[in-house]
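See structure below.
Since the model is a prediction, treat every value here as computed from it, not as a measurement.
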Amino acid sequence: MATGRLVEVYLDLLSQPCRAVHILLTRTKIPHRVHSVALRKGEHRTAEFSKLNPMQKVPVLVDNSFVLTESDAILKYLATKYDVPPHWYPRQPERRARVDEYLAWHHTNTRPHAAKVFMLEVLLPAQLGAPVDQDRLDRALSDLDATLDRLESMFLRRQPFLCGDDITLADLLAICELMQPLGSGRDILKERPQLQRWRSRVQSAVGRSFDDAHAVLFVVRDRRRARL
């Protein structure tokens, strides 16, 4: 149940987990205020922000005097405390366990493998002024390809969303990660029709919240294209 207060969130929308939090907040209309933290400017290393999160990472949630870090914990907290449709984080134990199962898998599979492609194609060349290390990129793409295979065979199978018939927190975290390589213009789902259909279903389910959360990533993509 909502408390009537605004939830304060500290986000950088170039961060995949931050986008997932942003989408949930806007789609479910939880009253909130966003504080932008530009990682590229080092704003997460300031003394003020470090008091909120000594790990100097986003996202961070402040609800009254309660401070919470880590995207999984924040998403589950919001879905549990606030009056959101139960499909986001189902109350039925078996269905909730399926969401938790994906989230546990996500952090050693979808997240690092998609993020590494973006890091190698966009972040490191920009920071170092060096060309893309093609050998490392090829290995990263191979790892990501294996993860996409498992997403299709283990989680989607013949169901519309990763954990069943309805969208959940699992789909939010996954889609935000799999969109990240688009920052270099790389659509990693281009030759995967099953995952393309899933992406379309997620976009339809969250509506405008999807494009609003990804606007910064689209700007990165478009600027990179303009330089090529």
For the residue pair Lys116 and Arg136, establish whether any side-chain heavy-atom pair is separated by less than 4.5 Å. yes
Verify the distance criterion only: is there a donor paired with an acceptor across the side chains of Tyr102 and Thr168 at less than 3.5 Å? no
Any side-chain to backbone donor/acceptor pair from Asp12 onto Leu39? Under 3.5 Å, distance only. yes
Check each of Arg224, Arg186, Arg221 against Glu121 using the salt bridge (Lys or Arg N to Asp or Glu O under 4.0 Å) test, and report the only one that passes. Arg186
Are Leu14 and Val60 connected in a single hydrophobic cluster, I mean Ile/Leu/Val/Met/Phe/Trp/Tyr linked by side-chain heavy atoms less than 4.5 Å apart? no
Side chains of Asp100 and Tyr89, donor plus acceptor under 3.5 Å: yes
Hphob cluster co-occupancy, Leu178 + Phe218, side-chain heavy atoms under 4.5 angstrom: yes
Does a donor on one side chain sit under 3.5 Å from an acceptor on the other, for Asp72 and His106? no
Using distance alone, with no hydrogens and no angle criterion, decide if Gln180 and Arg19 have a side-chain donor and acceptor under 3.5 Å apart. yes
According to a 4.5 Å side-chain heavy-atom criterion applied to Ile, Leu, Val, Met, Phe, Trp and Tyr, with indirect links allowed, do Leu162 and Val21 form part of one hydrophobic cluster? yes
Kindly work out whether a path of hydrophobic side-chain contacts (I/L/V/M/F/W/Y, heavy atoms less than 4.5 Å apart) joins Trp105 to Leu148. yes
Using modelled atom types and a 3.5 Å cut-off, is there a donor and acceptor pairing between side-chain atoms of Gln159 and backbone atoms of Phe155? yes
Could you tell me the separation between the OG atom of Ser184 and the CE atom of Met119, rounded to the nearest 0.5 Å? 13.0 Å
Within the 4.5 Å heavy-atom criterion, are Arg95 and Val99 side-chain neighbours or not? no
Output yes when Asp145 and Arg192 qualify as a salt bridge under the 4.0 Å nitrogen-oxygen rule, no when they do not. yes
Sequence-distant partners of Trp88, side-chain hydrogen bond (donor to acceptor under 3.5 Å, both in side chains), two or more places apart: none
Evaluate the side-chain proximity of His214 to Asp211: yes if any heavy-atom separation is below 4.5 Å, no if none is. no
How would you list, by chain and number, every residue that makes a ring pair (Phe, Tyr, Trp, His ring centres under 6.0 Å) with His35, sequence neighbours excluded? Tyr10
Do side-chain atoms of Glu43 reach the backbone of Ala38 as a donor and acceptor pair under 3.5 angstrom? yes
Measuring from Lys57:NZ to Cys18:SG, what's the distance to the nearest 0.5 Å? 12.0 Å
Test your reading of the model: is there a side-chain donor-acceptor pair from Gln92 to the backbone of Glu94, 3.5 Å cut-off? yes
Flag, side chain of Asp187 to backbone of Leu189, donor-acceptor distance under 3.5 Å: yes
In terms of hydrophobic clusters joined by side-chain contacts under 4.5 Å, are Leu11 and Phe66 together? yes
Counting only N and O atoms by type, is there a donor-acceptor contact under 3.5 Å from the side chain of Glu8 to the main-chain atoms of Asn64? no
Quick one: does Ser142's side chain have a donor or acceptor within less than 3.5 Å of a partner on Asp138's backbone? no
Side-chain H-bond candidate by donor/acceptor type, Gln56 with Ser50, under 3.5 Å: yes
Output the distance between atom CG (Leu78) and atom CG (Leu25), rounded to the nearest 0.5 Å. 5.0 Å
Given 3.5 Å as the limit, does a donor-acceptor pair link the side chain of Thr46 with the main chain of Gly42, or not? no
Within the side chain of Arg27, is there an N or O that forms a donor-acceptor pair under 3.5 Å with the backbone of Ala205? yes
For Tyr82 and Tyr77, take the angle between the two ring planes, folded into 0 to 90°, and tell me which bin it lands in: parallel under 30, tilted 30 to 60, perpendicular over 60. perpendicular
